[in-house]
Amino acid sequence: MYKVYVYVTLKEGVLDPQGTAIQESMHSLAYDEVERVRVGKYFELTIENTEDVNQRVNELCDKLLANPVIEEYRYTIEEVVPN
């Protein structure tokens, strides 16, 4: 079994109105040191043993979790060892 942690973010150059709104709110609360905010998504998946977990995760990301036109993703995989 594997635990997969997927991070999806907007590609550089793609406008991020939610990130801009959060940044403006931070500035209104006097957190002026925050120069930039980009918003993304985070997923945790538990996957049964499979021959090629990397291939399966890439397929999931490309087909469902990320929009490859405007988003990019990265992930880490941890093997879960039963106690």
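Keep in mind that this is a model prediction, so the values were computed, not measured. We count residues from 1, following the sequence as given.
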| task | List the atom of Val34, the atom of His27, and the distance in Å for their closest heavy-atom pair. | result | O-NE2, 2.7 Å

| Will you find, in the side chains of Tyr42 and Glu44, an N or O donor that is under 3.5 Å from an N or O acceptor? | yes

| message | Name the residue from Val6, Leu45, Leu60 that meets the side chain to side chain contact (heavy atoms under 4.5 Å, CB included) definition with Tyr75. | response | Val6

| message | To the nearest 0.5 Å, what is the distance between CZ on Arg38 and OG1 on Thr20? | response | 8.0 Å

Could you pull out every donor-acceptor pair under 3.5 Å between side chains of residues 61-74 and any protein atom, sequence neighbours left out?
from	atom 1	to	atom 2	distance (Å)
Asp62	OD1	Tyr73	OH	3.0
Asn67	OD1	Val69	N	3.0
Glu71	OE1	Asn67	N	2.7
Glu71	OE2	Lys41	NZ	3.4
Tyr73	OH	Asn58	OD1	3.2

| field | Atom pair CD (Gln23) and CG (Asp32), whose distance is rounded to the nearest 0.5 Å | value | 10.0 Å

| task | For Val37 and Ile22, work out which heavy atoms get closest and say how close. | result | CG1-CG2, 4.0 Å

| query | Side chains of Phe43 and Val8: closer than 4.5 Å at any heavy-atom pair? | reply | yes

| remark: Nearest heavy-atom approach of Tyr2 to Glu79 is CD2-CA, 3.8 Å

| query | Are any of the side-chain nitrogens in Glu48 or Lys3 under 4.0 Å away from the carboxylate oxygens of its partner? | reply | no

| field | Gln18, CD: over 12 other non-hydrogen atoms inside 6.0 angstrom | value | no

| Between atom CG of Asn54 and atom CD1 of Ile77, what is the distance when rounded to the nearest 0.5 Å? | 4.0 Å

| Does the side chain of Met1 come within less than 4.5 Å of Ile47's, by heavy atoms? | no

